[in-house]
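Just so you know, these numbers use all the heavy atoms, side chains as well, and skip hydrogens, waters and symmetry mates. All chains are named by letter (A, B, ...) in the order of the sequence lines, taking the proteins before the strands, and each is independently numbered beginning at 1.
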Amino acid sequence: VSGGEDLPLLIVPVGDGEVAIPLEDVEEVLTSPRVVPGEGEERVEGRGLAYRDLGTVLGLPSAEQPVRALVVGGVAYGVPGSGRVVAARDAGLRPLPAFLASLSERGVLGIASAGGRAVPVLDIRTLL
Amino acid sequence: VSPKEKGGEGETPREAALRIRKLIEESSAPEAAQERDASALEFLSFRLGEETYALPLRNLDEILPLPTISPVPFTPSYLLGVVAHRGGVLPVVDVRPVLGIEEGQEESEGGRLLVVMHGNEKLGVLAEAVAQIVKLTEDSLAPPPETLDPSRAAYLRGTAEAAEGPLVVLDVPALFEALRPASEGP
């Protein structure tokens, strides 16, 4: 993960687990976004932002009701719970195991450890 | 084929794990190696669906209680995710869909994660229950039946008759290569 040891990571719930995203890539975090139908795609009410479910985008189980939405590249990505921020130096970052090395091409940078659980670290701008 | 050790009735998961670990340590000790029949290979048998499978003991690093698995984006459905393990990261797979096995009871008390080694890589493989260690000779291994789906046979080293019934022996190198996520994604 580039950015050094002080790089803040935002860890958010997705599906049955969590993913970590460099906080600098997140333009804004929306609380309790109201998702409404739009022309061809869902949108966040009152903001005009396109809405997508982060789990669905990542090929993981989706959130029925988003609790937060991360704004990246002008699009709001819904997640089913609150996130937390940790410094990269405290996140136990590890490279992908060789078996999963191909995932780096898909934007999975490595694996962090949070609360004893492994958490994939994503290059969110690349994969979205 | 001779069963080396059988699990006791009422054995707790912890006791079962310790028993298996002890067997692995014993089997890799130099003294044990000298005593072994040079032509016999040791395998760990385990349950998947209605069948008993086996993999070479030399490919088995550890047997763990089922951990909490963290899903990873852009992986095939058989790749359940990763777990933090001994300061590293262990990918976890469910080989049942690959082998055409209906899902069983891995969430039950008997479910285990087999840490399987191949070269410098390790992979966690879900097992619905760990059975025992058996000795087989190369001669006792029969090729997979010709009637078997070729896509499934590709992952099998052969079949054998054990005292408790038929065993399906997995081809560990073939499984590693087949399960490795492609660069193009699922």
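With a 4.5 Å cut-off on non-hydrogen atoms, B:Val83 touches chain A through its backbone but not through its side chain. A:Leu96 does not touch chain B: none of its heavy atoms, backbone or side chain, sits under 4.5 Å away. Using a 4.5 Å cut-off between heavy atoms, B:Leu179 touches chain A through backbone and side chain atoms alike.
Classification of B:Glu51 and B:Arg152 as a salt-bridged pair holds, one side-chain N sitting under 4.0 Å from a carboxylate O.
Each of B:Leu79, B:Leu90, B:Val72, B:Asn120 has some count of heavy-atom pairs under 4.5 Å with chain A, and the biggest count is that of B:Val72.
Between the side chain of A:Arg43 and the backbone N or O of A:Gly48 there is at least one donor-acceptor pair closer than 3.5 Å. Using modelled atom types, one side-chain atom of A:Arg94 and one backbone atom of B:Gly87 make a donor-acceptor pair closer than 3.5 Å.
Only one option out of A:Asp25, A:Val108, A:Leu9, A:Leu109 pairs with A:Leu122 in a side chain to side chain contact (heavy atoms under 4.5 Å, CB included); it is A:Val108.
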